[in-house]
There are 2 protein chains.
Amino acid sequence: MASKTYHHGALRQALIDETKAILAERGHDQFSLNEVARRLGVSSAAPYRHFTNREELLTAVATEGYDLLYRALQPAAGGTGDPRERLLRMGGAYVRFAHDHRELFMTMFHDRHGSTPLGGESFDLLIAAVAAAQQAKVLPGNASPELMARSVWAALHGLAELVLRRPGKRFGFDAPPEELAVTTLTTLLQLEP
Amino acid sequence: MASKTYHHGALRQALIDETKAILAERGHDQFSLNEVARRLGVSSAAPYRHFTNREELLTAVATEGYDLLYRALQPAAGGTGDPRERLLRMGGAYVRFAHDHRELFMTMFHDRHGSTPLGGESFDLLIAAVAAAQQAKVLPGNASPELMARSVWAALHGLAELVLRRPGKRFGFDAPPEELAVTTLTTLLQLEP
DNA sequence: ACCTGAACACCGTTCAAGT
DNA sequence: ACCTGAACACCGTTCAAGT
């Protein structure tokens with residue numbers, strides 16, 4: 001299939017893409033560097049021309065994951081309309097992303113890789129949405145937007161993590177992501193409908 | 001050191017204990033079944049008389065972890081006194097546990113093992129504390145105790161997870177666990193001092 | 001500059017054999 | 001019943017050598 005010179009300088013990106021494909025199939029802890037190389041038709045030593053080790057490849061994948069998360073949150077955050085709906089849409093998008101990209105999400109937040117952005121740009125979207133909600137008196141203004149955004153992020157992130165654990169019925173985490181996000185945020189923040 | 005018959009039927013528990021010791025030293029993804037056996041002076045096949053595979057040993061460790069978490073929450077949950085303080089103490093204890101038992105906590109919530117209790121008994125403690133807070137009008141009564149407890153758990157769990165990622169300064173997750181729990185809960189739930 | 005081939009120590013797991 | 005010894009395929013990583 002692939003000739004010997006197929007990856008003319010593009011092996012680095014091919015490694016990242018193939019890793020994402022494997023993550024979508026198998027679990028992120030089943031991932032093997034040798035398998036990626038095998039599937040791309042290169043030797044098991046080839047990846048080391050582009051990444052110093054297995055961990056650095058996963059860091060690159062996680063970084064693309066943070067970018068993907070940002071682009072999933074953007075449409076939800078960009079809408080005008082009332083600030084309450086905007087905040088709930090963002091929450092739904094966050095939990096939906098975790099649900100739809102299980103293994104990528106776990107790679108982003110569970111794997112031990114060097115310093116990752118940890119969703120810095122996504123966090124800015126949340127701060128803006130929270131600030132707007134505070135100005136519209138949908139959220140209380142006694143906490144700074146940064147602090148409120150951090151707290152909301154914790155709630156959404158914990159929700160996403162617990163959903164991914166697929167717990168038993170008794171905890172009720174088996175509802176659709178958007179519904180869970182709305183229920184959790186309205187309960188905690190006492191948002192009136 | 002250890003004679004050949006040292007583990008007279010107690011190898012199972014010794015494997016669990018040694019795994020916990022390794023977790024405290026190294027990371028939970030650095031853990032190797034062979035190393036546990038080596039440190040206990042048994043062959044690498046010996047563990048398979050007590051666990052069908054590596055995953056099942058980690059499940060046993062996680063189960064002990066859930067028990068430890070329960071015992072860490074109990075004193076915080078048991079206190080009489082006002083319901084607001086009780087809820088904040090429980091939150092602090094949860095995040096403190098994650099902080100003090102990093103690798104065990106990750107084993108409990110990140111590793112892919114068979115169905116674990118997921119802190120069912122701990123969840124009951126939280127439901128009781130939430131119900132008491134609702135009756136004292138510290139928390140709103142428009143949501144059921146179960147639903148409110150689930151939401152509070154999500155917030156605390158997300159907080160714990162994000163603390164464990166050791167993010168940069170900008171997110172502010174580098175404060176003491178108890179302080180973070182109090183700040184997050186009071187911000188979200190609008191608890192008055 | 002980028003990749004191969006062969007090698008290293010290590011891993012999880014199996015299985016016949018020992019007591 | 002419980003453990004050993006040896007073996008298997010596989011893994012991450014290194015390095016001299018090829019183009």
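In what follows, every chain begins at residue 1, and chains take the letters A, B, ... in the order their sequences are listed.
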Checklist line | Heavy atoms from other residues, nucleotides or ligands near NE2 of A:His50 exceed 12 (cutoff 6.0 Å) | finding: yes
Note to self: For B:Arg166, I'd like to know if atom CZ has over 12 heavy atoms of other residues, nucleotides or ligands within 6.0 Å.
What the structure shows: no
With the threshold set at 4.0 Å, does a side-chain nitrogen-carboxylate oxygen contact exist between [X] and [Y]?
X        : Y        : value
B:Glu64  : B:Arg71  : no
B:Arg86  : B:Asp82  : no
A:Arg12  : A:Asp17  : no
B:Arg89  : B:Glu85  : no
A:Asp124 : B:Arg170 : yes

To the nearest Å, give me how far apart [atom1] ([X]) and [atom2] ([N]) are.
X       : N      : atom1 : atom2 : result
A:Leu58 : D:dT13 : CG    : P     : 10 Å
B:Phe31 : C:dC11 : CZ    : C1'   : 12 Å
B:Gln30 : C:dC10 : CD    : P     : 14 Å
A:Asn34 : C:dG12 : CG    : P     : 16 Å
A:Asp29 : D:dG12 : CG    : P     : 13 Å
A:Leu40 : C:dC3  : CG    : P     : 11 Å
A:Arg38 : D:dC10 : CZ    : P     : 7 Å

Notebook entry, point to check: Do A:Gln74 and A:Tyr70 come within less than 4.5 Å of each other through their side chains, counting heavy atoms only?
Noted result: yes
Checklist line | Nucleic acid contacts of residues 19-27 of chain B, taken as heavy-atom distances under 4.0 Å to DNA chain C | finding: none
Item checked: Strand contacts (DNA chain C) in residues 43-57 of chain A, 4.0 angstrom heavy-atom criterion -> A:Ser43, A:Ala45, A:Ala46, A:Arg49, A:His50
Check: So what does A:Arg12 hit on the nucleic acid, given a heavy-atom distance under 4.0 Å: a base, only sugar-phosphate, or nothing?
Finding: nothing
Next item on the list: Would you indicate which nucleotide in C:dT13, C:dC11, D:dT4 comes nearest to any side-chain atom of B:Val42?
Entry: D:dT4
Note to self: Between B:Gln30 and B:Glu103, is the side-chain hydrogen bond (donor to acceptor under 3.5 Å, both in side chains) condition met? List the steps.
What the structure shows: CA-CA 10 Å; B:Gln30 236 72 29; B:Glu103 304 299 335; over 6 Å; no
Check: Any chain of hydrophobic side-chain contacts (each under 4.5 Å) joining B:Leu126 to B:Leu68?
Finding: yes
Next item on the list: Could you label the plane-to-plane angle of the A:Phe105 and A:Phe109 rings as parallel, tilted or perpendicular, counting under 30° as parallel and over 60° as perpendicular?
Entry: tilted
Notebook entry, point to check: What base-paired stems does DNA chain D take part in, with at least 3 consecutive Watson-Crick or G-U wobble pairs and both distances under 3.5 Å?
Noted result: C:4-8 with D:12-16, C:12-16 with D:4-8
